[in-house]
Amino acid sequence: MKSYQNMVIPKLLGVLLVLEMISGIRFGADGLSMGYYIMSCPFAEQIVRNTVTRALQADPTLAAGLIRMHFHDCFIEGCDGSVLLDSTKDNTAEKDSPANLSLRGFEVIDDAKKKLEQQCPGVVSCADILAMAAKEAVFLAGGPVYMIPNGRKDGTRSRIEDTMNLPAPTLNASELIKMFGQHGFTAREMVALSGAHTVGVARCSSFKNRLSDSVDNLDSIFAKQLSNTCSAGDNAEQPFDSTRNTFDNAYYNGLQKKTGVLTSDQTLFASASTRGIVNGYAFNQAMFFIDFQQAMVKMSMLDPKEGSKGEVRGNCRKIN
Ligand code: HEM
């Protein structure tokens, strides 16, 4: 009997080879590759897609949670699923850091992992599941489609102190440029990645500095809106832009109107070094989408220090 795999796999491999030539991303080497699960778990991507689709149908706000979680994973020791690990009695994990307490969507990753373990036990890493889930979340919220290579391994280190390397919401443009530069990103890529704030919310504790900061660049009516939100307490939520569940360029339009929520958002328009990029994305959503997808692929490939020495966890919350 002609199997689905016999017919489809050679064709896919041909397509991947062409993609390799145009994208420069290697396949089948010791690192990441485009068709990584094509033999070992051909429906991995489909399983993650279905899981994320169902989760977002029930709660569209989870798209933001998944995208942010992937960012927080990759910026600490590379994309190694370290953000997914639970604390143990001997170790306080990244997820229990104040910077991560509002991360959301862990149960979506657990759900996808459970299904993948049934289909192909011990094959698909949690870091890959998170990278794929974030990609689906971007697309399902209305953003660009992009392809990411897979083959990340799950790390065994997750320490609260490492999260000091996450950007604080009070940073200014030159500090952000420097911090993202340390991970190999240009200023333009940093501005594009910040566009992820086109979805989701920030809590009052993340922006209340702006209410007393007289040098901040904040629209006066919007300032009243922010203080109104904060009157409900530190955990009260403020959407980043006017379309909180839709991936579009409204975030950049908001920055032009001085209605960015975080200091680190508004600084991108306030600073002459990044204002032109903000204006470009506000004017041209297609350009934002192209730059965002390229920067996300790059972010998804940030190398764990442990390299290929990591493992494929059976449960994303615990090391094996
Ligand atoms: C440029 C530096 C960045 C800073 C300073 C920053 C900071 C923050 C802060 C403080 C929040 C709100 C957390 C809370 O109050 O609960 C937040 C939310 C969020 N961030 Fe960032 N972020 C940055 C870049 C990014 C990047 C690169 C991505 C993804 C590619 C991202 C994705 C998100 C998303 C989607 C949310 C909303 C989460 C939700 O609604 O659950 N952020 N960010």
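One-based numbering, in listed order, for ligands and for the atoms of each.
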- Message: I need the Leu130 CG to Cys74 SG distance, nearest 0.5 Å.
- Response: 7.0 Å
Quick check on ligand 1: any N or O pairs to the protein under 3.5 Å? One line per pair.
from, atom 1, to, atom 2, distance (Å)
ligand 1, 15 (O), Arg203, N, 2.7
ligand 1, 15 (O), Arg203, NE, 3.3
ligand 1, 15 (O), Ser206, OG, 2.6
ligand 1, 16 (O), Ser102, OG, 2.5
ligand 1, 16 (O), Arg203, NE, 2.5
ligand 1, 16 (O), Arg203, NH2, 3.2
ligand 1, 20 (N), His197, NE2, 2.9
ligand 1, 22 (N), His197, NE2, 3.0
ligand 1, 40 (O), Arg104, NH2, 3.2
ligand 1, 40 (O), Val201, N, 3.0
ligand 1, 41 (O), Arg104, NE, 2.9
ligand 1, 41 (O), Arg104, NH2, 3.0
ligand 1, 42 (N), His197, NE2, 2.9
ligand 1, 43 (N), His197, NE2, 3.0

- Message: Side chains of Gln256 and Asn279: any donor to acceptor distance under 3.5 Å?
- Response: yes
- Message: Please find the pair of heavy atoms, one from Ile76 and one from His72, that lie closest to each other, and give the distance.
- Response: CG1-O, 3.5 Å
- Item | Among Phe289, Phe292, Phe288, the one residue meeting side chain to side chain contact (heavy atoms under 4.5 Å, CB included) with Asn249 | Phe288
- Message: Enumerate the salt bridge (charged side-chain N to carboxylate O under 4.0 Å, His left out) contacts for residues 260-275, please, sequence neighbours excluded, ordered by first and then second residue.
- Response: none
- Query: Does one side chain, of Thr163 or Asn100, offer a donor that lies under 3.5 Å from an acceptor on the other?
  - Reply: no
